[in-house]
Amino acid sequence: MPTIFSHAIFAAVTGKAFVRKQVSFWFWLLTALCAIVPDGDVIGSAFGIPFRSMFGHRGFTHSIVFALLFGSFVALFVNKYLQTGLTRAKLIVYFSLATFSHPLLDMLTDGGPGVAIFAPFSAERYFFPWRPVVVSPIGMGFFSDRGVEVILSEIIWVWLPALAILILAMIIRKVWKKQ
Ligand SMILES: [Zn+2]
């Protein structure tokens, strides 16, 4: 995985590129949560779920089905408790995409198991053909030399592209307004 920080930053920053409405801090916190939750699957190994099974790491919680289910759940919660000015359908699409940004980024990493995006229908694991992001070690390995390499690679391949998307969206909006 890229580290959970990078998952959260990517979803919140690219999310900001698409949400024009003024929304509260909680909205962004929930966006970040959506992008982090799929890696909750590592807890499964403590309960004896094999790492590479359908419900192991990068299994079901990294699928399109899970993104839709969890995204819809968060969207309904937001629709009920937060004032966003966005329709329920838009919220469902938004939070499902925020959740699905996680497996997409995982598919760009150079290690770990592939991502079961079509679970539970298929246990097949996938990567993108191009995988520039250095995979983050699970647990304390993060605070090693490899940790520095991981952070640098995430800044270049995750943070900067997210920022570029946001800046581009802001420029497009400015130009649009002037017309
Ligand atoms: Zn992951």
Side-chain angles (χ1 to χ4, degrees), residues 1-18 28-75 77 92-163 165:
M1 58 167 183
T3 54
I4 53 170
F5 312 109
S6 290
H7 278 298
I9 282 171
F10 184 83
V13 174
T14 52
K16 179 90 185 131
F18 294 102
W28 302 115
L29 203 66
L30 287 166
T31 303
L33 178 77
C34 283
I36 292 171
V37 151
D39 272 348
D41 61 6
V42 291
I43 296 165
S45 62
F47 297 97
I49 295 171
F51 195 68
R52 287 180 191 253
S53 81
M54 180 96 82
F55 293 94
H57 187 42
R58 290 182 171 177
F60 178 67
T61 59
H62 288 59
S63 68
I64 296 169
V65 171
F66 178 84
L68 275 172
L69 288 175
F70 191 74
S72 302
F73 170 73
V74 174
F77 176 85
I92 289 175
V93 171
Y94 173 82
F95 285 106
S96 297
L97 284 176
T99 312
F100 197 58
S101 72
H102 180 113
L104 288 182
L105 285 183
D106 277 359
M107 284 170 67
L108 287 169
T109 59
D110 68 355
V115 184
I117 48 171
F118 298 116
F121 306 110
S122 160
E124 185 96 40
R125 302 289 184 126
Y126 296 88
F127 277 114
F128 284 119
W130 182 65
R131 294 153 62 186
V133 182
V134 177
V135 77
S136 161
I138 292 172
M140 296 309 280
F142 178 67
F143 297 100
S144 60
D145 282 353
R146 183 152 165 89
V148 176
E149 196 190 341
V150 166
I151 284 293
L152 280 178
S153 128
E154 291 184 2
I155 288 173
I156 294 169
W157 298 112
V158 181
W159 298 29
L160 290 182
L163 205 60
I165 292 170

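Order of listing sets the numbers, starting from 1, for every ligand and every atom in it.
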- Message: Quick check for you: with the Zn ion (ligand 1) as the vertex, what angle do NE2 of His102 and NE2 of His62 span, to 10°?
- Response: 90°
- Task: For the Zn ion (ligand 1), find the closest N/O/S atom belonging to Asp39 and write down its atom name.
- Result: OD1
- Item | Set of side chain to side chain donor-acceptor pair (under 3.5 Å) partners for Ser101, sequence neighbours left out | none
- Task: Answer with yes or no whether the side chains of Ser63 and Arg58 bring together a donor and an acceptor at under 3.5 Å.
- Result: no
- Phe70 and Phe66 aromatic ring geometry - parallel, tilted or perpendicular at 30°/60° bounds: parallel
- Query: Among all residues two or more places apart in sequence or in another chain, which pass the side chain to side chain donor-acceptor pair (under 3.5 Å) test with Thr31?
  - Reply: Tyr94
- Item | N, O or S from Asp106 under 2.8 Å to the Zn ion (ligand 1) | yes
